[in-house]
There are 2 protein chains.
Amino acid sequence: MSTQPSKQSQPSPRRAQPPRRGRRPGQESSRQSILEAARARFAAEGFTATTIRRVAADAGVDASQVMQFFRSKEELFAAVMAIPPSALERFATAFEGPDEHLGERVVRAFLAAWEGAPNESEPLMAMLRGAIVNDTAAAALRDFIEARLIDKTRDRAEPDARLRAALASSMLVGLVTGRDIIGVPTLAEADVEEIVAGAAPAIQAILAPAT
Amino acid sequence: MSTQPSKQSQPSPRRAQPPRRGRRPGQESSRQSILEAARARFAAEGFTATTIRRVAADAGVDASQVMQFFRSKEELFAAVMAIPPSALERFATAFEGPDEHLGERVVRAFLAAWEGAPNESEPLMAMLRGAIVNDTAAAALRDFIEARLIDKTRDRAEPDARLRAALASSMLVGLVTGRDIIGVPTLAEADVEEIVAGAAPAIQAILAPAT
DNA sequence: CACATAACTCAACACGCGTTGAGTTAGAGT
DNA sequence: ACTCTAACTCAACGCGTGTTGAGTTATGTG
């Protein structure tokens with residue numbers, strides 16, 4: 001859970017303390033393969049439909065090895081859902097700038113995050129698909145919306161800024177769900193500019209009612 | 001699949017045609033119990049997490065009897081998702097009337113449909129929860145949005161009325177999902193009037209951009 | 001080299017699932 | 001009374017699942 005950078009390569013203070021011996025964690029290629037395969041599967045099929053055996057097959061390893069790296073399916077899922085910082089920055093910058101185009105910037109940032117490069121969109125997709133059936137994912141999505149999106153409007157003056165941000169966020173999640181997960185034809189066939197043109201005024205009306 | 005009213009209680013033309021003999025379908029109490037139990041389970045837990053055995057237990061019958069009435073889990077699910085006509089009428093009437101309060105009426109109709117009496121809201125909830133993992137439900141939700149919501153704006157003049165209706169529908173579905181399924185605190189704690197006040201202008205901006 | 005430990009393999013487990021089929025019970029028609 | 005058939009029960013099936021544990025291989029460190 002959460003968004004720890006963790007696996008940085010610098011060995012840092014290595015020589016000190018307990019003189020551990022034996023084989024060192026290798027090139028981590030397997031662990032990485034598993035993560036990638038799991039990310040793709042979870043994003044495409046959701047938590048329940050994704051099986052450890054299939055992920056292992058995709059990654060070209062044994063199923064029990066998945067269990068050795070990540071201790072359970074739950075933990076694998078949690079590891080997958082770590083949201084890449086690059087996706088978060090989009091939102092941070094989207095809320096900066098003049099109010100008159102706030103809606104448009106936010107809509108664009110949302111679409112870009114969900115429909116951009118797989119590395120960024122897959123954790124979000126996995127989270128979204130999993131949120132219905134898995135408590136971990138539901139909590140993560142709650143957290144994502146509350147912390148990453150709602151708090152972005154904290155500095156605004158209006159008393160109900162939180163509610164407005166929550167409304168905008170959930171509605172945009174609905175838009176992305178309809179377009180990319182359910183596949184509502186009218187939405188899926190429209191191109192990005194049409195969607196921005198239609199949705200931006202709505203988000204604008206929520207986030208900057210005075211304008 | 002689809003939305004047949006089907007199980008209406010009037011026996012209608014009973015005496016005619018093939019003189020069938022043998023035991024008549026009883027009071028249908030079991031069949032009804034199964035449907036109710038399934039509706040509640042599917043709405044609360046989604047398609048995959050709901051098991052036939054559990055539904056049967058809830059209804060106080062044997063699991064294999066569920067299979068006798070409805071031929072498979074899929075068909076049970078399809079039967080559950082028949083949207084009650086009363087829920088549909090809300091949407092039909094919401095789109096009638098002066099444009100200046102269109103947004104508010106539609107938002108109210110949506111919230112009422114999803115948060116009203118279990119009989120009406122449970123099929124919608126089941127559809128929503130199932131849509132992620134079950135093709136039948138995804139198709140039903142697509143169909144619901146396309147046919148029931150988008151076509152309501154067919155008579156409007158603007159060329160992109162379909163897209164506007166699709167945007168509004170999916171965003172409202174997102175709102176309901178965030179509030180009632182994911183349980184985003186800010187949304188879940190807000191009362192209906194606050195949500196209407198915040199969301200209505202947005203929907204208004206989408207559906208009646210000229211106003 | 002020798003050892004400790006990570007990486008990896010293989011076979012099996014207990015479980016719950018949807019589904020089936022054979023058999024029993026009960027009630028409406030003749 | 002007899003029959004037909006729906007309603008219902010019971011036991012079992014095959015399957016795929018997440019997970020475990022014992023055993024093997026490889027590799028960095030002393």
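Chain identifiers are assigned alphabetically (A, B, ...) following the order of the sequence lines, protein sequences preceding nucleic acid strands; residue numbering begins at 1 within each chain. Since we're looking at a predicted model, the values are computed, not measured.
Between the NZ atom of B/Lys73 and the C1' atom of D/dG16 there is a distance of 14 Å, given to the nearest Å. Between A/Met67 atom CE and C/dC8 atom C1' there is a gap of 15 Å when expressed in whole angstrom units. Taking atom CD of B/Gln32 as the reference point, atom P of D/dC8 lies 13 Å away to the nearest angstrom. A straight line from CZ of A/Phe47 to C1' of D/dG18 spans 10 Å, rounded to a whole angstrom. Rounded to whole Å, atom C1' of D/dA7 lies 10 Å from atom CD1 of B/Ile34. Rounded to an integer number of Å, the gap from A/Ile52 CD1 to D/dG18 P is 5 Å. For the pair B/Phe69 CZ and D/dT9 P, the computed distance is 10 Å after rounding to whole Å. One atom, CZ of A/Phe77, and another, C1' of D/dT17, lie 18 Å apart when rounded to the nearest Å.
Side-chain rings of A/Phe70 and A/Phe77 stay apart, their centers remaining 6.0 Å or farther from each other.
Remark: A/Glu146 engages A/Arg162 in a salt bridge, criterion side-chain N to carboxylate O under 4.0 Å. In summary, A/Glu45 and A/Arg54 do not engage in a salt bridge, as defined by a charged side-chain N under 4.0 Å from a carboxylate O.
Under the 6.0 Å distance and 45° angle rule, A/Lys73 does not count as a cation-pi partner of A/Phe42.
Both A/Asp62 and B/Arg71 lie close to DNA chain C; mapped to their nearest nucleotides by heavy-atom distance, the more 5′-ward contact belongs to A/Asp62.
Residue A/Ser30 places no side-chain atom within donor-acceptor reach of the base of C/dC8, judged by atom type and a 3.5 Å distance cut-off alone. Remark: the B/Arg53 side chain and the C/dG16 base include no donor-acceptor N/O pair separated by less than 3.5 Å. Interface remark: the B/Ser64 side chain does not form any donor-acceptor pair with the D/dC8 base, using a distance-only criterion of under 3.5 Å.
For the pair A/Glu193/A/Arg108, a side-chain contact is recorded, criterion being any heavy-atom separation below 4.5 Å from C-beta on.
Among the protein residues, B/Phe70 comes within range of no part of the nucleic acid, since none of its heavy atoms lies under 4.0 Å from any strand. Heavy atoms of A/Thr50 sit under 4.0 angstrom from primed sugar atoms or phosphate atoms, though from no base atom.
In the set D/dT19, C/dT9, C/dT19, C/dT9 carries the atom at the smallest distance from any side-chain atom of A/Gln65.
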